[in-house]
Asks: 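Structure in structure tokens, see below.
As the structure is a computational prediction, the values presented were derived from the model and not from experiment.
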Amino acid sequence: MKALNRILDRARHSPRRIALCEGEDERILRAAVRAAKDGIARILLVGDRQAITSTAATHGIDLAGVELIDPADSSLTGSLAEALHALRERKGMTREQAEEAVREPLCFANLLVREGHADGCVAGAVHTTADVVRTAIQILGIDPAFRLVSSFFLMMLCQPFHSLKGGIIFSDCGLVIEPDADELADIAMAAADSAESLLGEPPRVAMLSFSTSGSARHGNVEKVVQAARRVKAQRPALAIDEDVQLDAAIVAEIAERKLPDSRVRGNANVLIFPDLEAGNIGYKLAERIGGAEAIGPLLQGLAKPANDLSRGCSVDDIYHVIAVTTVQAQAAESRSDACAS
């Protein structure tokens with residue numbers, strides 16, 4: 001898996017501090033230890049120390065190389081409670097409520113990232129997507145460059161039978177149900193940034209539709225066209241096709257016939273679905289029938305990196321999301337440095 005190996009190599013080159021908060025789950029512990037041993041991240045395992053060590057002992061897992069942080073006795077708990085109270089006071093949170101909330105590992109892990117004690121966090125093996133996303137939005141906030149948080153899957157096409165090789169970003173397949181044109185434009189720009197940071201190549205964006213270059217007239221097509229034109233106005237250098245059918249987005253010969261002026265030229269590495277229904281169906285077709293490996297859903301549009309896991313995730317899934325979160329943290333730091341210079 002060449003594209004995935006590149007992500008792992010980049011993570012090893014400059015590992016970041018990644019907070020995990022579901023240490024009573026054997027899968028999390030195995031992935032955490034593996035990530036630390038392989039050097040793709042410096043793992044901060046947040047939770048009840050006794051419960052975590054008991055789970056590790058039960059399954060014969062050596063936690064050497066992983067830092068355990070128990071909110072019940074951490075020296076950071078007081079300052080994180082103050083930070084949470086300051087953040088949420090206008091929403092009605094009292095200091096007592098902040099002190100209680102910060103003892104929840106999911107809240108504590110996100111606060112570690114917000115306050116600079118960690119560079120990213122990963123959760124969702126136990127918590128619901130709603131809990132993970134809501135906590136991340138409340139504590140980390142939305143990147144000022146975007147209107148909303150969205151999701152994407154990193155689809156890996158690396159088997160011998162795949163005619164199309166490498167990694168492709170599919171978005172949004174897991175979060176925003178019916179984006180309007182402005183929201184769809186934000187999803188496209190966030191996904192382009194995700195492609196640039198994770199694939200290590202210039203993004204080439206296809207705004208998927210049942211129409212190609214105006215071949216059909218419908219309000220759903222118009223939404224896609226409007227979104228694409230908003231992206232073009234904000235990012236004129238970005239290669240993006242407006243309304244385009246899937247075959248013209250990924251097959252050069254078809255693109256040459258249908259879209260002779262395309263800058264993507266049937267070589268899209270970012271596929272933007274018009275709504276969640278299409279996106280969810282699309283990624284599952286690619287995974288189950290097409291044999292692609294789906295890594296995600298991953299989050300984009302947050303002020304700092306945080307990612308969700310499926311509750312049915314495997315150890316490999318968690319390990320790969322830790323690596324992706326490390327690379328996202330590297331990219332976020334690079335953007336911050338560029339803005340400061």
Asks: What's the separation between atom CD in Glu99 and atom CD in Glu82, rounded to the nearest 0.5 Å?
Replies: 9.0 Å

Asks: Applying side-chain contact (heavy atoms from CB on, under 4.5 Å) to Leu309 and Val132, what does each step give before you reach the verdict?
Replies: CA-CA 9 Å; Leu309 297 164; Val132 172; over 6 Å; no

Asks: Under a 4.0 Å threshold between the charged nitrogen and the carboxylate oxygen, would Glu242 count as salt-bridged to Lys232?
Replies: yes

Asks: Are any non-hydrogen side-chain atoms of Leu298 and Val324 less than 4.5 angstrom apart?
Replies: yes

Asks: Scan the side chains in residues 108-126 for donor-acceptor partners under 3.5 Å anywhere in the protein, sequence neighbours excluded, and list what turns up.
Replies:
| residue | atom | partner | partner atom | Å |
| --- | --- | --- | --- | --- |
| Asn110 | ND2 | Leu106 | O | 2.9 |
| Arg114 | NH1 | Ile139 | O | 2.8 |
| Asp119 | OD1 | Arg17 | NH2 | 3.1 |
| Asp119 | OD2 | Arg17 | N | 2.8 |
| Asp119 | OD2 | Arg17 | NE | 3.1 |

Asks: Is it true that Asp193 and Arg235 make a salt bridge, defined as a side-chain N closer than 4.0 Å to a carboxylate O?
Replies: yes

Asks: Where does the angle between the aromatic ring planes of Tyr283 and Phe153 fall among parallel (under 30°), tilted (30 to 60°) and perpendicular (over 60°)?
Replies: parallel

Asks: With rounding to the nearest 0.5 angstrom, report the SG to CG distance, Cys173 to Asp275.
Replies: 10.5 Å

Asks: With hydrophobic residues grouped by side-chain heavy-atom distances under 4.5 Å, do Ile289 and Ile281 end up in a single group?
Replies: yes

Asks: Any side-chain heavy-atom pair from Thr128 and Arg311 closer than 4.5 angstrom?
Replies: yes

Asks: Would you check if the side chain of Thr326 reaches a backbone N or O of Ala11 as a donor-acceptor pair within less than 3.5 Å?
Replies: no

Asks: Within a strict 4.5 Å, meaning less than it, do heavy atoms of the Asp317 and Val321 side chains meet?
Replies: no

Asks: Ignoring hydrogens, what is the shortest heavy-atom contact between Ile28 and Leu20? Give both atom names and the distance.
Replies: CG2-CD1, 4.1 Å

Asks: Indicate yes or no: does Asp9 engage Arg6 in a salt bridge with an N to O separation below 4.0 Å.
Replies: no

Asks: Any chance NE2 of His59 has more than 12 other-residue heavy atoms, nucleotides or ligands included, within less than 6.0 Å?
Replies: yes

Asks: Heavy atoms, side chains only, cut-off 4.5 Å: are Gln97 and Arg88 in contact?
Replies: no

Asks: Check the surroundings of atom CD in Glu178: do more than 12 heavy atoms from other residues, nucleotides or ligands lie under 6.0 Å from it?
Replies: no

Asks: Indicate yes or no: does Arg257 engage Glu253 in a salt bridge with an N to O separation below 4.0 Å.
Replies: no

Asks: Decide whether Ile272 and Leu276 are clustered together by the hydrophobic rule: side chain heavy atoms of Ile, Leu, Val, Met, Phe, Trp, Tyr closer than 4.5 Å, transitively.
Replies: no

Asks: Report the distance from atom NE2 of His13 to atom CD of Gln330, rounding to the nearest 0.5 Å.
Replies: 8.0 Å

Asks: Test Val205 against Val231 for side-chain contact (heavy atoms from CB on, under 4.5 Å), laying out the working first.
Replies: CA-CA 10 Å; Val205 181; Val231 175; over 6 Å; no

Asks: Arg34 and side chain to side chain contact (heavy atoms under 4.5 Å, CB included): which partner among Ile43, Ile318, Asp316?
Replies: Asp316

Asks: About how many Å separate CG of Leu302 and CG of Leu148, when rounded to the nearest 0.5 Å?
Replies: 10.0 Å

Asks: Does the side chain of Leu4 come within less than 4.5 Å of Ile295's, by heavy atoms?
Replies: yes

Asks: List for me each residue that meets side-chain hydrogen bond (donor to acceptor under 3.5 Å, both in side chains) alongside Arg147, sequence neighbours excluded, and say none if there are none.
Replies: Asp186

Asks: Does a side chain donor of either Gln245 or Lys258 reach within less than 3.5 Å of an acceptor in the other side chain?
Replies: yes

Asks: Quick one: do Arg16 and Glu333 satisfy side-chain contact (heavy atoms from CB on, under 4.5 Å)? Show the steps, please.
Replies: CA-CA 10 Å; Arg16 294 296 192 269; Glu333 185 177 317; 3.2 Å; yes

Asks: Kindly determine whether Gln328 and Asn307 satisfy side-chain contact (heavy atoms from CB on, under 4.5 Å), including the steps that lead there.
Replies: CA-CA 10 Å; Gln328 288 177 321; Asn307 278 312; 2.7 Å; yes

Asks: Any chance you could measure Met155, atom CE, to Ile169, atom CD1, to the nearest 0.5 Å?
Replies: 10.5 Å

Asks: If you group Ile, Leu, Val, Met, Phe, Trp and Tyr by side-chain heavy-atom gaps below 4.5 Å, do Ile168 and Val264 land in one group?
Replies: no

Asks: Is any side-chain heavy atom of Leu199 less than 4.5 Å from a side-chain heavy atom of Leu154?
Replies: yes

Asks: Name each donor-acceptor pair under 3.5 Å that joins a side chain in residues 60-72 to protein atoms two or more places apart or in another chain, with its distance.
Replies:
| residue | atom | partner | partner atom | Å |
| --- | --- | --- | --- | --- |
| Asp62 | OD1 | Ala64 | N | 3.0 |
| Asp70 | OD1 | Ala72 | N | 2.9 |
| Asp70 | OD2 | Arg49 | N | 3.1 |

Asks: Quick check: does any side chain N or O of Ser211 sit under 3.5 Å from a backbone N or O of Ala216, one acting as donor and the other as acceptor?
Replies: yes

Asks: Does any non-hydrogen side-chain atom of Leu184 lie less than 4.5 Å from one of Met207?
Replies: yes

Asks: Any side-chain heavy atom of Tyr319 sitting closer than 4.5 Å to one from Leu8?
Replies: yes

Asks: How long is the gap from CE on Met189 to OG on Ser171, to the nearest 0.5 Å?
Replies: 12.0 Å

